[in-house]
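Just so it is clear, the values below take in all heavy atoms, side chains as well, and ignore hydrogens, waters and symmetry mates.
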Amino acid sequence: MAALLTGAVLLTGCTAGGTTTDTSGDQLLTIPREDMGTFSRNFNPFTPNAAPMTQQAVYESMFVYNPADGGTTPWLATEWAASEDGLELTFTMRDGVLWSDGEPMVAGDVAYTFMLQKELLGGFDYLDSVGADDDQTVRFVLNRPYSPALYEIGQQIIVPQHIWEEIDDPAKDTNGTPVGTGPYTEVDSFQSQSFDLGKNPNYWQPDKQKIAGIRMLAFAGNDGANLAAVNGEVDWAYQFMPDIEKSFVAKDPEHRQFWFPSTGSMINWQLNTTKAPFNDVNVRKALSMAVDREQVTDIAMNGYTGPADCTGLSGAYTTWTDADLAGSCDWTNHDVDAANALFDKAGYPLGADGTRTLPDGSPFTLDISVGSASSDWLSAATIISQNLAEVGITATVDSPDWPTVVASYEDGSFDTGIVWSNNAPTPYQFFRGVMSSETVKPVGEKTFENYHRFASPEADALLATFAASSDEAAQTEAVNALQAEFDAEAPVIPLFAGPEWGMFTDIRFTGWPTESDPYATLSTKSPTTVLVLTSLEPVTK
């Protein structure tokens with residue numbers, strides 16, 4: 001890894017002291033990926049193992065939603081409209097957009113993309129049909145009113161029909177030489193620990209391709225990626241860094257900044273409700289009260305975010321949060337005495353030796369699964385384990401690599417784990433992902449949400465009410481009721497709102513989003529990354 005970083009320094013023109021030795025116009029924007037020790041040349045946007053930047057730099061969507069300011073930027077589409085009955089959505093595609101191979105992008109590509117997406121990954125069950133009225137107009141016909149559809153459809157990346165219809169097995173093809181509409185589509189070089197993307201020669205915004213390209217570096221954890229950032233070997237990083245003011249900013253305060261808005265996913269401690277005793281709401285709430293969230297956020301998260309409350313909603317949904325409910329929470333407050341009392345009441349007594357037992361007399365033990373690469377979440381799991389010891393429960397932190405952990409989440413074999421939640425423009429997808437029966441799969445059958453496998457009939461009805469309405473007051477009422485249901489059932493144990501990590505240096509590139517100019521998030525894994533890539537300018541001297 002040291003050799004790789006040395007090479008990156010020489011190629012990008014940075015030095016460990018954070019100064020620049022090359023300010024020419026062919027500089028590559030260098031970004032670490034902290035959760036991938038190696039890269040595979042896979043630019044298939046329909047696979048979970050696609051290389052970084054596939055959906056941020058190679059392919060684009062019809063619009064870009066920015067959670068940092070709640071705004072929506074037209075992208076491949078210039079405008080869109082819904083019918084009065086909510087059963088049709090019409091998008092007008094931007095004229096003059098070419099694929100990177102020079103072929104025109106047309107509305108038929110959009111229709112084909114949705115057909116392929118449904119075939120390969122499912123979803124969009126509310127779509128009755130998608131068709132191109134002409135080369136610039138695509139019409140979506142819904143089988144029922146579904147208000148979240150606009151954001152889901154608008155944010156779907158679009159692929160070229162003339163390329164993908166010739167692929168024998170789109171689900172397995174690695175798409176090693178991608179054709180997209182994004183600003184950086186050309187795979188100039190590819191190694192297992194780094195790859196370069198060059199300019200799309202036919203990009204529809206050539207005046208916004210001011211950086212020469214992107215270099216991605218692979219790291220098997222936060223520590224290596226942080227070292228690269230501290231040493232000035234990367235321009236933009238998205239990962240947890242302890243004491244960032246001292247360890248990163250102080251090295252060059254004139255040029256280094258960070259911005260961590262709490263608009264990311266809610267981070268939850270999820271309990272597998274197909275297993276006893278986690279199927280008992282009293283146990284879930286007692287476990288929650290045993291957790292010292294102040295300690296978790298202050299120590300594990302370095303104070304970059306704050307404790308969650310019983311609404312379950314992160315900082316992305318401040319306008320939706322029921323303030324009265326949030327102010328009356330009890331089971332998300334740290335209260336060891338109340339936790340012990342609830343455990344006792346639920347039939348899980350504390351023995352004379354200080355060990356809490358299950359109804360059959362066996363010790364109350366559990367595992368907490370979290371990927372070994374995430375030092376912040378490992379610290380959070382360790383603190384939770386220590387907190388549980390105070391109520392007589394032995395918790396073991398299980399930390400293999402992330403693919404192993406995620407596989408156990410997906411097939412339902414895990415015990416408990418620290419997990420991210422759905423994050424979307426409205427709280428609908430969050431509550432659907434933690435309480436809807438539509439998202440529950442049997443143990444052994446793979447799922448990509450609701451790993452804890454919890455369903456609430458009351459939540460199903462409220463979600464249906466929200467989806468069927470476009471009236472803001474009716475939607476607010478439904479979301480308030482969903483928060484109340486979340487409070488009653490504790491389907492997951494919310495810990496803290498995930499910060500959108502983002503640190504950068506402006507030595508070589510300027511134009512970064514900040515708290516005072518939140519035109520995008522600084523997350524390199526976000527769809528808003530394309531806004532950053534088309535806003536940055538190289539420093540020239």
task = Could you tell me whether the side chains of D411 and S413 share a donor-acceptor contact shorter than 3.5 Å?
result = yes

ask   = Do K525 and E500 sit within salt-bridge range, that is, some charged N less than 4.0 Å from a carboxylate O?
value = no

ask   = Would you say the side-chain atoms of T521 and T528 include a donor-acceptor pair closer than 3.5 Å?
value = yes

message = Does Q295, at its CD atom, have more than 12 non-hydrogen atoms belonging to other residues, nucleotides or ligands within less than 6.0 Å?
response = yes

ask   = Between N422 and F431, does a side chain to side chain contact (heavy atoms under 4.5 Å, CB included) hold up when you go through it step by step?
value = CA-CA 8 Å; N422 290 335; F431 285 120; over 6 Å; no

request  = Search all heavy atoms of S288 against all heavy atoms of T332 and return the closest pair with its distance.
outcome  = OG-CA, 3.8 Å

inquiry  = Tell me whether R256 forms a cation-pi arrangement with F248, defined as NZ or CZ under 6.0 Å from the six-membered ring centre and within 45 degrees of its axis.
reply    = yes

inquiry  = Could you tell me if the side chain of E60 sits less than 4.5 Å from the side chain of I158, heavy atoms only?
reply    = no

query = Quick one: do the T274 and N272 side chains pair a donor with an acceptor below 3.5 Å?
reply = yes

E410/K441 salt bridge by N-O under 4.0 Å criterion = no

ask   = After noting the C-alpha distance and the side-chain angles of W501 and Y304, does the key distance pass the ring pair (Phe, Tyr, Trp, His ring centres under 6.0 Å) rule?
value = CA-CA 9 Å; W501 308 117; Y304 298 143; 5.7 Å; yes

query = Does the pair Y428 and Y146 meet the rule for a ring pair (Phe, Tyr, Trp, His ring centres under 6.0 Å), with working shown?
reply = CA-CA 11 Å; Y428 176 87; Y146 185 74; 5.6 Å; yes

inquiry  = Just by distance, no angles: are the side chains of D309 and T311 close enough, under 3.5 Å, to form a donor-acceptor pair?
reply    = yes

message = For a side chain to side chain contact (heavy atoms under 4.5 Å, CB included) check, start with the C-alpha distance between L227 and D223, then their side-chain angles and the critical distance, and finish with the verdict.
response = CA-CA 6 Å; L227 181 61; D223 292 342; over 6 Å; no

request  = Using a cut-off of 6.0 Å, state whether more than 12 heavy atoms not belonging to K118 lie near its atom NZ.
outcome  = yes

task = In sequence, state the C-alpha distance, the side-chain angles, and the governing distance for L271 and H452, and then conclude on side chain to side chain contact (heavy atoms under 4.5 Å, CB included).
result = CA-CA 6 Å; L271 315 174; H452 53 292; 5.9 Å; no

query = Going by atom types only, do S456 and E485 share a side-chain donor-acceptor pair under 3.5 Å?
reply = yes

message = Ignoring hydrogens and geometry beyond distance, is a side-chain donor-acceptor pair present between N423 and Q429 at under 3.5 Å?
response = no

inquiry  = Under a 4.0 Å threshold between the charged nitrogen and the carboxylate oxygen, would K285 count as salt-bridged to D487?
reply    = no

message = Under 3.5 Å, is there a donor on one side chain and an acceptor on the other for D85 and S83?
response = yes

T416 and W269: side chain donor to acceptor below 3.5 Å = yes

query = Would you say L522 and M503 make side-chain contact, with heavy atoms under 4.5 Å?
reply = no

Between D401 and S372, a side-chain donor and acceptor under 3.5 Å = no

ask   = Just by distance, do the side chain of D460 and the backbone of S436 share a donor-acceptor pair under 3.5 Å?
value = no

